[in-house]
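Contents: one structure, followed by commentary.
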2 protein chains.
Amino acid sequence: MRADAQKNYEKLLEVAQQVIAEVGAEASLRDIARRAKVGLGTLYRHFPTREALLEALLRTHFEALAAKADTLQRASASDQALVAWLQEIIEFTYRQRGILAPMMSAIEDESSALHDACVRLRSSGAALLARAQKDQKARRDLDGDALFDLIAALAWLREQPSHQVRAERIFQLITGAILMEAATAS
Amino acid sequence: MRADAQKNYEKLLEVAQQVIAEVGAEASLRDIARRAKVGLGTLYRHFPTREALLEALLRTHFEALAAKADTLQRASASDQALVAWLQEIIEFTYRQRGILAPMMSAIEDESSALHDACVRLRSSGAALLARAQKDQKARRDLDGDALFDLIAALAWLREQPSHQVRAERIFQLITGAILMEAATAS
DNA sequence: ACCTGAACACCGTTCAAGT
DNA sequence: ACCTGAACACCGTTCAAGT
């Protein structure tokens, strides 16, 4: 990549990070280009779709979550590992308002730039769930897909202002429904 | 209301019904006015906000849901009444794609045209929940607000194409978490 | 190679001008 | 009273023209 292109790329990511933190993932791409002092076409050259921009922006976060799942898988009791990871991923998506809708479409759309990241998250979750199930700590009638749905629902709720005060309670209700009774006694 | 105004009003509702069924609640207002063969200002005169249009469009549905809750309250076992009503409301919102986001903001925003309808739904749910709790059939650590959150989460999930195949399973998981174990034995 | 911004086809919202 | 549509301030996306 040419030096000027590299600079534009980085400036765009930096500004996009800010703008999306301010107004959410539906932020105006025009506005991002403007604030990065870059032509609109330059933004489209580096990031052909909004999903490509989001993916570049969140790549390190996605990787960190996958790594975290591996660590928990080895370091913690299976039920606690699952719950802790759910908490992590929901906190992450909460910090990236508006990321949930694109993630839910991406998981089905193999051409989406976010597809791979979502699939990786889903399989991290599936692995944690599988271990908890083997330990008799989680219901066996769930799979990684169902877990992903539940995460998405919790994460979407978390985005809703009216839900804030009940976030913790609802999280426990759902995780309680995933885990088996015996797990709470440990 | 003048005869021509009345006619425009009805034509707008009719067209809006169609367009929203096709593309969801975020449909272009411009497009609705165009297809109703009415000036854009006329749409704004009759429906000053998108929420006002949605409210007019869904008023009868909202009332039917409240009435259904009353019927179930009297006619069915408390746990079955609650589950049946949850199913109804989720089916309803599913038919009105995109209605969930405005409903979730409306419940907190007293100035929203959808506010009253949402509050009414929430209290219908709260009444059903209260009876089930009195019968020892539902967890006592939930209230109408929490139930509304859970309904919203389920209804939002239902809008997601990737979730379709698991809709029934996740619905049962959540309702199972609301109801107490004894209830499933009845 | 890469950048730029005008151009196009859309929005939501307001409001002067018409009947 | 009510209706109309132009006007304004925005979008996303593409692409000819520039360096």
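In what follows, every heavy atom counts, from backbone to side chain, and hydrogens, waters and symmetry copies are set aside. Protein chains get the first letters and strands the later ones, always in sequence-line order, with residue 1 at the start of each.
Atom pair A:Glu51:CD and D:dG12:P shows a separation of 12 Å (rounding to whole Å applied). Here D:dT13 presents its P atom at 12 Å from CG of A:Leu53, a figure rounded to the nearest Å. Rounded to whole angstrom, the span from the CG atom of A:Leu43 across to the P atom of D:dC11 amounts to 13 Å. Atom CZ of B:Arg30 and atom P of C:dT13 are 11 Å apart (whole Å). If you measure from atom CG of B:Leu40 to atom P of C:dC10, you get 15 Å, rounded to the nearest angstrom. Atom OH in A:Tyr44 sits about 17 Å away from atom P in C:dC8, given to the nearest Å. Atom pair B:Leu12:CG and D:dT4:C1' shows a separation of 13 Å (rounding to whole Å applied). At whole-Å resolution of the value, CG in A:Leu54 and P in D:dG12 are 12 Å apart.
Using a 4.0 Å heavy-atom distance criterion, B:Ala27 is classed as a sugar-phosphate-only contact. Residue-level contact check: A:Leu29 touches the backbone only, with heavy atoms under 4.0 Å from sugar-phosphate atoms and none from bases. The residue B:Arg45 sits close to a base: some heavy atom pair falls under 4.0 Å.
Applying the 4.0 Å criterion to OP1 and OP2 of C:dG12, one finds that B:Arg50 has a side-chain N or O inside that range. Contact check, A:His46 against C:dC2: no side-chain N or O comes under 4.0 Å of OP1 or OP2. Contact between the side-chain N/O atoms of B:Asn8 and the OP1/OP2 oxygens of D:dC2 is not found at any separation under 4.0 Å. OP1 or OP2 of C:dC11 has at least one side-chain nitrogen or oxygen of B:Arg34 nearer than 4.0 Å. In terms of phosphate contacts, A:Ser28 brings a side-chain nitrogen or oxygen within less than 4.0 Å of OP1 or OP2 of D:dG12.
Using a cut-off of 4.0 Å between Lys/Arg side-chain N and Asp/Glu carboxylate O, A:Glu91 and A:Arg158 are scored as salt-bridged. With salt bridges taken as basic N to acidic carboxylate O contacts below 4.0 Å, none links B:Arg120 and B:Glu63. For the pair A:Glu55 and A:Arg59, the salt-bridge criterion is met [side-chain N within less than 4.0 Å of a carboxylate O]. Taking the charged nitrogens against the carboxylate oxygens, B:Asp4 and B:Lys7 have no contact shorter than 4.0 Å, which rules out a salt bridge.
Nearest nucleotide to the B:Ala5 side chain, out of D:dT14, D:dC3, C:dC2: D:dC3. For A:Asp4, counting side-chain heavy atoms from C-beta on, the closest listed nucleotide (C:dC3, D:dC3, C:dT13) is C:dC3.
Remark: A:Glu110 CD is loosely packed, at most 12 non-hydrogen atoms of other residues, nucleotides or ligands lying under 6.0 Å away. The environment of B:Tyr94 atom OH is sparse: at most 12 non-hydrogen atoms of other residues, nucleotides or ligands sit within 6.0 angstrom.
Across all strands shown, D:dT4 is found opposite C:dA16 as a Watson-Crick or G-U wobble partner, with both distances under 3.5 Å. When both pairing distances are held under 3.5 Å, D:dA9 makes no Watson-Crick or G-U pair with any nucleotide shown.
Mapping A:Thr42 and B:Thr42 onto DNA chain C by nearest heavy atom places A:Thr42 at the nucleotide closer to the 5' end. Taking for each of B:Lys37 and B:Arg2 the nucleotide of DNA chain D with the nearest heavy atom, the 5'-most of the two is the partner of B:Arg2.
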